[in-house]
Number of protein chains: 2
Amino acid sequence: MPTFLSIREAALATGLTAHTLRYYEQIGLIDPVPRRSGQRVYGEPEMAWIEFVLRLRGTGMSMRDIQVYAELRRAGETPENVRLKGDLLARHAAHMRGELQRLTETIARLDEKIALYRSFYGQSVPESPEEPPVVAIPLSPSNRRRHA
Amino acid sequence: MPTFLSIREAALATGLTAHTLRYYEQIGLIDPVPRRSGQRVYGEPEMAWIEFVLRLRGTGMSMRDIQVYAELRRAGETPENVRLKGDLLARHAAHMRGELQRLTETIARLDEKIALYRSFYGQSVPESPEEPPVVAIPLSPSNRRRHA
DNA sequence: TGTTGACTTCGAGCGCACTCGAAGGCGTAT
DNA sequence: ATACGCCTTCGAGTGCGCTCGAAGTCAACA
């Protein structure tokens with residue numbers, strides 16, 4: 001039996017707010033969600049799509065580009081659209097590969113600098129971004145995405 | 001002989017605008033630049049620091065965190081400050097490593113999807129982000145940073 | 001019947017990182 | 001003498017991606 005979620009449940013499942021889910025639908029990031037007596041009902045295809053959208057967003061694709069992709073999807077699987085979607089993703093992948101390279105290079109530079117500092121003064125370094133040190137300089141709240 | 005640049009030249013060299021250079025100085029991202037009869041004179045240390053700042057920015061470090069780093073630098077090379085700077089960089093590096101991993105994973109997923117599309121319809125894909133296709137869906141102008 | 005959850009539309013606000021322009025002044029080079 | 005480039009301060013505006021709240025409606029459940 002397939003599962004169906006209310007907007008609240010969908011929000012919980014995705015880490016978004018109900019507000020944001022409606023907002024995404026409104027700006028065309030998400031297809032119009034099926035309603036049952038006026039209320040949105042999120043099924044598996046909807047949730048899968050939302051998760052895909054969040055993955056794209058999570059890798060830095062702009063809302064605009066995700067919108068374009070979503071429009072192409074809505075427009076149906078014509079050969080042309082399939083090609084356009086493929087190109088869009090490929091361009092983003094290429095972009096990401098560039099980012100990745102710059103990140104890698106800068107990490108290397110930073111590591112050198114860190115090692116240098118380290119050699120002047122002891123260890124004591126947080127290794128995981130998920131395990132922030134208990135006492136630390138507060139990294140600014142650019143953890144802007146509420147949940148996630 | 002060391003080189004000295006006017007603000008205009010420094011702007012040209014960094015790809016920023018004079019406006020932005022003053023802005024960065026104002027918010028403490030850049031130390032007060034030495035003046036000659038009131039006008040900023042950018043020497044090699046200044047340019048090196050600006051370039052370092054831009055590298056950090058380019059890898060997604062927030063202005064706030066760069067500010068913190070700059071403050072520590074200004075505060076002098078006490079063991080404590082050296083440690084704090086090291087930690088800050090290390091935390092950022094760790095963060096980047098996380099990003100990098102997510103990027104890598106999503107690229108893999110995208111590549112699968114692209115291959116799938118490809119198998120339905122021909123080739124024709126831009127490989128480099130620096131060589132956009134001549135005719136294409138306009139990727140939205142999230143090339144927000146003016147130059148660079 | 002009343003509470004709950006959801007619905008709609010609207011409009012304001014926020015944090016980030018700029019970006020621009022105006023106004024008025026100063027120093028140096030031609 | 002005048003033009004040029006720079007200075008300062010100020011304040012407003014931009015684009016992104018939300019985020020929130022208010023107001024009023026409606027349907028299902030107990």
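Worth knowing before you read on, the calculation uses all heavy atoms, side chains too, and leaves out hydrogens, waters and symmetry mates. This is a predicted model, so every value here is computed, not measured.
In terms of heavy atoms, B:D65 sits closest to B:L88 at O-CD2, 3.8 Å.
Using a 4.5 Å cut-off between side-chain heavy atoms of Ile, Leu, Val, Met, Phe, Trp and Tyr, A:F4 falls into a hydrophobic cluster with A:V41.
Applying the 4.0 Å criterion to OP1 and OP2 of C:dC18, one finds that B:Y24 has a side-chain N or O inside that range. Distances shorter than 4.0 Å separate some side-chain N or O of B:R57 from OP1 or OP2 on C:dC18. For the OP1/OP2 pair of C:dG5 and a distance below 4.0 Å, the side-chain nitrogens and oxygens of A:R8 include no atom meeting the criterion. Look at B:S6 and you'll find a side-chain N or O under 4.0 angstrom from OP1 or OP2 of D:dC6. The phosphate of C:dG27 has neither OP1 nor OP2 within less than 4.0 Å of any side-chain N or O from B:R35. Contact annotation: A:T20 side-chain N/O to D:dG17 OP1/OP2 distance is not under 4.0 Å.
Between the CG atom of B:L54 and the P atom of C:dA17 there is a distance of 13 Å, rounded to whole Å. Taking atom CZ of A:R40 as the reference point, atom P of D:dA27 lies 16 Å away to the nearest angstrom. The distance between atom CG of A:L21 and atom P of C:dG5, rounded to the nearest whole Å, is 17 Å. Note: CD (B:Q26) to C1' (D:dG11) measures 12 Å, nearest angstrom. Note: OH (B:Y23) to P (C:dC16) measures 10 Å, nearest angstrom. The distance from atom CZ of A:R36 to atom C1' of D:dC26 is 17 Å, rounded to the nearest whole Å. Nucleotide D:dC18 holds its P atom 16 Å from the CZ atom of A:R22, rounded to whole Å. Computed from coordinates, the B:R64 CZ to C:dA17 P distance equals 8 Å when rounded to whole Å.
B:Y69 and A:Y117 have tilted rings, their planes meeting at an angle from 30° to 60° on a 0 to 90° scale.
There is a path of hydrophobic side-chain contacts, each under 4.5 Å, that joins A:I7 to A:I27.
Across the interface with DNA chain D, nearest-nucleotide mapping of A:Q39 and A:H19 shows A:H19 to be the residue nearer the 5′ end.
Between A:E80 and A:K85, none of the side-chain N atoms (NZ, or NE/NH1/NH2) sits under 4.0 Å from a carboxylate O, so this pair counts as no salt bridge.
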